Amino acid sequence: MLITLSFTLSALLLHGVNARCRSQPGQPGFPAAQDWATLNETVEGRLLAVVPSAKACVDVGCTPEQWSSAFYRDALPGQMTNYQWEQNYTSSPPELCLYNETSSCSQGNVPVYAINATSPQHLQAGVLFASQHDIRVAVKSSGHDYLGRSTARDSLLLWTQYFRDIEFANSFTVGDEDKGSVVTVGSGVNLQALYQAGKAVDKMIVAGSAATVSAGGGYTQGAGHSVFSPVYGLAADNTLQYEIVLANGSFVTANEVSNANLFWALRGGGAGSWGVITSITMRTYPAFPATLHSAYITFNSTNQAAEAMTIHAQHIFDLDVYRAGQYFNLYNTGVAGQESILWLRTYFANVSGDEAQTAVAPFITDVQAIGATLINQTVETVVANDIVANSDDTGGYNIVLASRLIPETQYRQNTSAIGAAYKTLLDQGILAILGNLVAGGKVAENANISSAILPKWRTAKTHIILPATWNDTVSPSDAVALQERFFSQNVPVLAAATGEDDSGAYSNEDNVLEPDFKTTFFGPNYDRLLSIKARYDPDDLFIVRAGVGSERWDVESGMCTI
Ligand SMILES: Cc1cc2nc3c(=O)[nH]c(=O)nc-3n(C[C@H](O)[C@H](O)[C@H](O)COP(=O)(O)OP(=O)(O)OC[C@H]3O[C@@H](n4cnc5c(N)ncnc54)[C@H](O)[C@@H]3O)c2cc1C
């Protein structure tokens with residue numbers, strides 16, 4: 001009773017008299033043990049009590065290698081790959097469950113229960129239960145989200161990791177139109193599994209570099225970039241259909257002719273805001289040989305590194321004729337004489353090793369001319385399915401990102417602004433600057449596709465990411481301060497490199513601290529997204545930070561409207 005009263009009072013003080021608050025544990029509306037037991041029966045015994053990953057790890061005695069393996073972690077319902085999202089740094093006292101200190105574990109931002117769903121019916125039961133009891137839901141597939149959108153404290157988790165079907169077809173009809181060769185994948189299928197399944201039938205899919213990101217989870221809802229995007233477009237451009245459980249419990253198909261508005265929103269309108277996807281159907285392409293050119297180049301000063309990145313910007317159009325994609329990651333080592341290292345990986349479709357080397361050579365020659373050292377370069381040609389994805393991803397540590405889409409016009413007209421941003425960021429002590437040449441070419445040509453993709457993707461050349469990390473010895477308040485400092489100091493520098501006042505960013509690889517996420521992530525699409533949200537999720541069941549409609553909610557807790 002006391003708990004209820006104090007919660008109500010604090011909700012009123014914090015959120016105002018008209019605030020709507022979801023049910024929380026200890027409140028009268030929150031499901032009782034019997035309600036959870038009934039739900040468990042409805043979902044065929046697939047309801048799980050969830051614990052933070054550090055506790056789960058200790059309980060089964062996982063090894064340090066398992067702790068940091070995303071493949072291993074994927075089987076833990078409470079885990080987030082970037083595991084600071086499991087902690088609640090800002091509650092008083094902070095609620096933590098840290099890898100090296102599990103003696104006093106708190107639940108933090110980890111859901112209370114999860115439905116380990118394997119059928120739409122399980123998800124429908126979960127959605128109806130959450131609506132009936134007015135509790136918060138979280139939707140998760142891999143838990144890779146850099147914005148922490150797939151976990152929520154005091155929530156019911158709708159977990160789709162085990163929707164694992166993969167089915168290829170040579171034709172796929174939407175309305176009267178045959179869209180050609182496709183693959184339909186469950187929303188728990190990871191990219192490595194998808195690439196390998198494609199290889200077995202000589203087909204390739206447009207997808208990213210992570211082994212364990214789910215193709216049918218958050219990936220295409222953000223946009224979905226790939227090093228082969230300059231050839232084939234964004235993953236969302238290649239998505240033809242979703243099957244999805246909606247907030248009202250219905251299970252529907254969304255494509256160009258059925259629920260066309262929802263289909264428009266799902267392709268780029270932001271992860272976690274629309275419903276629970278069970279499968280996605282994507283276009284496939286005949287498998288092709290691809291060449292990866294890889295080089296390590298070191299710089300002896302931040303001046304030299306910045307000059308090299310201006311040269312890199314000037315040479316970026318060398319790759320256009322091949323529609324090559326590239327990761328150009330600059331690491332700030334701070335080691336005297338070798339201040340920074342550029343790891344350059346360039347991906348070519350249907351291009352020989354010799355041609356690839358010739359394409360990258362002018363850049364390498366020019367940076368050597370300013371004194372940079374080429375440590376080594378390698379060339380490898382294999383089937384494309386084997387060249388994109390990592391063998392595993394790293395999890396169980398703390399990291400946030402911030403990013404910007406850099407317009408092609410900057411590369412044509414103002415490369416010195418790009419180099420200057422690198423210089424300032426390096427001098428600010430940024431850990432790394434992660435470059436992605438994943439736009440231009442087909443991404444730009446696909447501007448006519450009607451979807452919620454941020455239009456700035458169509459005029460961008462690159463997507464540049466900044467990371468910030470910290471370890472568990474940093475106190476919760478310092479971790480919060482570190483993130484705020486990272487965002488307020490470094491992001492304006494990157495934003496300035498765009499030459500735009502309303503610069504845009506990829507919503508899947510940016511930061512919840514974006515002050516104007518509506519413009520930065522959704523641009524002119526935001527109002528239409530809001531109206532589609534009103535139709536498909538009128539009671540805001542699916543609210544995530546920096547997502548459509550989230551401005552109506554207390555962003556940290558998602559528990560009360562403001
Ligand atoms: C190592 C690594 C490499 C990456 N590489 C790339 C890359 O090359 N290209 C690229 O574009 N992105 C890349 N990303 C970013 C990636 O696109 C996002 O992290 C994406 O949100 C992951 O989606 P997920 O479903 O796997 O993760 P989750 O954390 O499970 O979910 C992410 C978001 O999607 C929602 N969601 C999850 N499952 C469902 C579902 N079934 N139905 C509805 N909503 C759901 C969640 O609520 C959340 O909002 C990378 C991320 C990592 C960690």
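What you are looking at is a predicted structure, and each value in this text was computed from that prediction instead of being measured. Both counts, for ligands and for their atoms, begin at 1 and track the order of listing.
Across Ser142, Ser273, Ser150, Gly325, heavy-atom proximity to atom 26 (O) of ligand 1 is greatest for Ser142. Compare Asp145, Val139, Thr394 by their heavy atoms: the one nearest to atom 32 (C) of ligand 1 is in Asp145. Summarising the contacts of atom 25 (O) of ligand 1 with Ser187, Ala389, Ala152, Gly218, the nearest heavy atom is found in Gly218. Comparing His144, Arg545, Arg149 by heavy-atom distance to atom 48 (C) of ligand 1, the nearest is Arg149.
For the residue pair Thr239/Asp237, the side-chain donor-acceptor check at 3.5 Å is not satisfied. A side-chain donor-acceptor contact under 3.5 Å links Glu243 and Ser279. The closest side-chain donor-acceptor pair between Tyr242 and Ser187, if any, does not fall under 3.5 angstrom. Using a 3.5 Å distance cut-off with no hydrogens or angles, the side chains of Asn109 and Thr151 do not pair a donor with an acceptor.
Closest approach of Pro467 to Leu434, counting heavy atoms only: CG-CD1, 4.2 Å.
Regarding atom 5 (N) of ligand 1, its nearest protein heavy-atom neighbour is Ser209 OG, 3.5 Å. In terms of protein heavy-atom proximity, atom 51 (C) of ligand 1 is closest to Tyr146 CE1, 3.4 Å. In this structure, the protein non-hydrogen atom closest to atom 50 (C) of ligand 1 is Glu509 OE2, 3.5 Å. Of the protein's heavy atoms, Asn508 ND2, 3.3 Å lies nearest to atom 17 (O) of ligand 1. Remark: minimum distance from atom 37 (C) of ligand 1 to any protein heavy atom is reached at Ser141 N, 3.6 Å. For atom 16 (C) of ligand 1, the closest heavy atom belonging to the protein is Val213 CG2, 4.0 Å. Shortest contact from atom 35 (C) of ligand 1 to any protein heavy atom: Gly272 N, 3.9 Å.
Annotation for ligand 1: atoms under 4.0 Å from non-hydrogen atoms of Tyr506 are 10 (C), 11 (O), 12 (N), 17 (O). Short contacts between ligand 1 and Thr160, defined as distances under 4.0 Å to a heavy atom of the residue, involve ligand atoms 41 (N). Ligand 1 places these atoms under 4.0 Å from at least one heavy atom of Ser214: 26 (O).
Within 6.0 Å of NZ in Lys203 there are more than 12 heavy atoms belonging to other residues, nucleotides or ligands. More than 12 heavy atoms of other residues, nucleotides or ligands lie within 6.0 Å of CD in Glu551, so this atom counts as buried by the packing criterion.
Of the polar atoms of Ile277, at least one N or O is found under 3.5 Å from an N or O of ligand 1, judged by distance alone. Where the criterion is an N or O separation shorter than 3.5 Å, residue side chain and backbone included, Gly143 meets it with respect to ligand 1. For ligand 1, the polar-atom distance check against Lys140 finds no nitrogen or oxygen pair separated by under 3.5 Å.
With a 4.0 Å heavy-atom cut-off, ligand 1 is reached by no atom of Met80.
In this structure a side-chain-to-backbone donor-acceptor pair under 3.5 Å is missing from Gln107 to Asp154. At distances below 3.5 Å, not a single donor-acceptor pair connects side-chain atoms of Gln326 with backbone N or O atoms of Tyr347.
Using a 4.0 angstrom heavy-atom cutoff, Gly275 counts as in contact with ligand 1. The closest approach between a heavy atom of Gly222 and any atom of ligand 1 is not below 4.0 Å. The closest approach between any non-hydrogen atom of Val276 and ligand 1 is below 4.0 Å.
Under the 30°/60° scheme for interplanar angles, the aromatic rings of Tyr506 and His225 are found to stand perpendicular.
Paired with Thr291 under the rule side chain to side chain donor-acceptor pair (under 3.5 Å), one option of Asn350, Thr381, Thr346 passes, and it is Thr381.
The pair Arg545-Asp145 does not count as a salt bridge, with every side-chain nitrogen at least 4.0 angstrom from each carboxylate oxygen.
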